Protein chains: 2
Amino acid sequence: MGNAVSIKDIARKFKCAPSTISRALNDHPMINIDTRKTIQEYANKVGYQKNTISLSLLNKRSKTLGVIIPSISHYHETAIIEGLEAILQPAGYLLNICVTNECHALEKEYLNRLVANRVDAICISLSQETFDRSLNEHIDLAISRSLPIIFMDRFYHALDVDRVITDDFKGAFMATEHLIQMGCQRIAHLHGPRGITVSQQRFKGYEACLKKYGREVEEELVKQVKFSPECGLEATMHLLDQKAKPDGIFAVNDEVGFGAMKVIQERNYKIPEDIALVGFDDIPLAAFAPIALSSVSRQSKKIGEQSAQLFLSKMNGISDHQQVTLEPELIVRSSSQRNHFSKI
Amino acid sequence: MGNAVSIKDIARKFKCAPSTISRALNDHPMINIDTRKTIQEYANKVGYQKNTISLSLLNKRSKTLGVIIPSISHYHETAIIEGLEAILQPAGYLLNICVTNECHALEKEYLNRLVANRVDAICISLSQETFDRSLNEHIDLAISRSLPIIFMDRFYHALDVDRVITDDFKGAFMATEHLIQMGCQRIAHLHGPRGITVSQQRFKGYEACLKKYGREVEEELVKQVKFSPECGLEATMHLLDQKAKPDGIFAVNDEVGFGAMKVIQERNYKIPEDIALVGFDDIPLAAFAPIALSSVSRQSKKIGEQSAQLFLSKMNGISDHQQVTLEPELIVRSSSQRNHFSKI
DNA sequence: AGTTCAAATGCAAACGTTTGCGTAATTTTT
DNA sequence: AAAAATTACGCAAACGTTTGCATTTGAACT
C-alpha cells in the first residue's frame, strides 16, 4: 500500500543515491559486489517490491494486455482466457479482462479505460451491438493511435487488422454434411443471434452445404435463437410443431443443442434415429448430454494461444498484420451417429 | 502508444504551463472559462487521453483489483467474475484476473506481480496446493504490507481476514436431508478433492445430516473425485459395482453429477426411483441434464458482488474485517423428486 | 498615484524508477 | 612522479499528472 518501501527509502538508509540502489538491485556490474550483496539483502529483508507503475511510466509499456469479451459464461470464452494465460504468464504479462455483456456503450467505456491505463495491446471480441450497427469509431480511434488491436472471433471489417478466428463456415459445412451423410433429408438449423459473425458464418456453411447437395434452405427449418438451452428448447418446440418435421438439427452451439435434445426426448422422438443432432463448440459436458452430443470443436483454447503469440510478435516489432484462421474439428458422438444410414 | 499526446504537448501548443492545462481539463474554476473551453476542445480534437499510470503513481492507487482464482473453467468462477464486474465497472475499476491452475508456485508468482503492479486489493480463492500444504508465507507477506486481501470460497485460516463464502456445510446438509426425505436409505457421496475447503465442508454437511437421522457414514459409499464428469462417471461405476448399492447420491458438484447420471442410466437404473441424485452449484445446464438435475445453488454471482462491495468499503476506509457467509439454496428437479416417498 | 484586492496563470515538487554522463577516488602504466 | 586508466558512485533528467504556493496582471478602491 502507501507505506511500501521504495528505492529512495533504501537510499536514505545507506546514505547513497537512489541510482546506486537501483543498479545494485539489478545486479549492475558497475556497483561493487559487496555493496550489491548488502543492499540486496537489506531490500529482501524489508520486503522491497519493485513498483511496476513507475516503470510503466518510464518505459511506456505496462506489461499488461487488455481483453474485451462480450460474455464470460461459456466454455469458449473461458478457454480463450486459458489460452491467453498459458502463453502470457510465462512472458510476464498480466491480463485486464473486461466483459461487455454484448453492450456497445460498455465496450467503448472499457476500451477508453484500457487505453487510459496504457495497456500494451487489446484482444477484443466485438459486442453484438457494435457488430450489428457497425459502431466502429472507438476502434478506429484506438487503431489511429497505433494501439495494437487483435480481433478474436468477431472481427472488424477492414483488411489490415490482426485477427484470430475459427473457420466457422467450414465447421458448419462439416456438421451439415455429416447429417446429410447420416441420411437426414430435412435438416433444420438453430440460427444464432443475427449480426454476430459466428451466427452468420455457421448459417452460411449450412446453406452452402445444402446447396452442394442440391438442396435449398427452407425458411421454416431455420429458427433464430439466443445462445441458451432455454432458447434452443423453445425453438425446437416450434420446429416439432410444424407439419413437416426435421430429421436432423444443426444447432448453433452446444447449449442450444442441449435445449433441443430436451424437447425432442420429451416428445418421444428417438435420437439419432428420428432426429440426428449436432452442436457446436464441443463443451466439456457435450459427451454427457442425455444422448452424447456430436459437436464441432472450434479450438477455443488455441484461439487464445494464437492471439497471445500474435501479440508477442507485435511486441517484438513485427508490424505487418496477421490473420490466423483455425480449422474446426467434427466430433461425432451418439446424437448423430446412425449405424444404418442411407447413402446419398 | 508511445506517441500519445500528453498535457505537456498541449501546454507547448498553447505556450502555457502544464498545470494550466491540467486544471482546464479538470474544469477547475480557477481557469478562465474561455481558456478552459479552448483547451478542452483542442484536447478533444487531438484525442488526448489521460494517462492513468502517472495518476496511479501520484495517488498510490491504481483503480485496479487483482483477482486470483484456481480455475476459470466452471460456472462458479465465471459467475463470480460477473458479480465482481457488475459492481466494480460502475465504480471505475478494472480487473486483473490471474488463473493459477491450482498451482501454488503460480499463485505466488501472480501475487508478486499484482503487488508490483500496486493493485488496490486482491480477491483470492486459494489454490489447492496452497491450501493442502498451508503454504501461506506469500499471503502473510502481502497482509503484513497492509494490502487488503479478500478471500473467496477457500480462505485462509486466520480470524482477522476478510472473506466471502457460501455455507457449503449447510448446502450439503440440505441436499442430504432432501434425499433422506425422499426415502433414500443408502446415500452415497461423491467427495471432492481433499484439502479443498468446499470438498471438506460438503462432506461434513453430508456427515452431520446422516448423524442427525441416526445414520453412519459408510466408507464404501464415499468416493473421492475430481471436479469433472469423467471422474463422476468412474466413481459412480465403482459404487454400482458394489454389492450394496446406493439409492441416493449427493455429488460434490454438477459436473460430477452429470457423470454419475450417465453411468446410472447406462446401467438401466431409474432416476430418481432407483437412485435419486443431487448435485451442487446449479450450473445453467443442470436443468438440461438427461434427467433435470437437482442442485444446490451457492449464489456464485453474489459471491463476486459481495466481495466487490467489501472491497469498496475497504477503499472507503472501513478497516475492520468482515466475514460474509451466503445462504445456499436447494433447487429440486426431477433427478431427486419422488412423488411417493416414505416418510422417515 | 498609491494601495488593496481579485482573477488568472506559472513554478516546482512529488510519485518511483532508470540511465547517460560527470566526477571523485584509487590503481595501473609510463 | 606524472599521466592514464579503472573503479565506484552521484547528479539530474525523464516518464505524465496534480496541487499548494507564488507571481503576475489588471481593475477597483482610497
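Being a predicted model, the structure only gives us computed values, none of them experimental. Chain naming here is simple, since letters A, B, ... match the order of the sequence lines and numbering starts at 1 in each.
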Using a 4.0 Å heavy-atom cut-off, does B:N59 contact any base of the nucleic acid, only the sugar-phosphate backbone, or nothing at all?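 No contact at all - B:N59 keeps every heavy atom at 4.0 Å or more from the nucleic acid.
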
How would you label the contact of B:L58 with the nucleic acid (heavy atoms, under 4.0 Å): base, sugar-phosphate, or nothing?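 Here B:L58 touches the bases of the nucleic acid.
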
With a 6.0 Å cut-off on the ring centroids, do B:Y42 and B:F14 count as close?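 For B:Y42 and B:F14, the ring centres are under 6.0 Å apart.
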
Any salt bridge (Lys or Arg N to Asp or Glu O under 4.0 Å) pairs touching residues 308-321 of chain A, not counting sequence neighbours?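 Counting only pairs at least two positions apart or across chains, the salt bridge (Lys or Arg N to Asp or Glu O under 4.0 Å) contacts touching residues 308-321 of chain A are A:D162-A:K314.
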
Suppose the criterion is salt bridge (Lys or Arg N to Asp or Glu O under 4.0 Å): which pairs have a residue in residues 69-95 of chain B, not counting sequence neighbours?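 Qualifying pairs: none.
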
Rounded to the Å, how far apart are A:L57 CG and D:dA13 P?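 After rounding, the gap between these two atoms is 17 Å.
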
In whole angstrom, what separates B:H28's NE2 from C:dG10's P?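 Computing the B:H28:NE2 to C:dG10:P distance gives 14 Å.
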
Ignoring backbone atoms, establish whether B:K8 has a side-chain N or O less than 4.0 Å from OP1 or OP2 of D:dC15.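 B:K8 to D:dC15 OP1/OP2: side-chain N or O found under 4.0 Å.
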
Please confirm whether the shortest side-chain N or O distance from B:N32 to OP1 or OP2 of C:dA8 is below 4.0 Å.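 Checking C:dA8 against B:N32, a side-chain N or O does come within under 4.0 Å of OP1 or OP2.
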
Nucleotide nearest [X] when distance is taken to its side chain, options [options]:
X     : options                : answer
B:S6  : C:dT9, D:dG16, D:dC9   : D:dG16
A:R23 : D:dG16, C:dT17, D:dG10 : D:dG10
B:T35 : C:dT9, C:dT17, C:dT19  : C:dT9

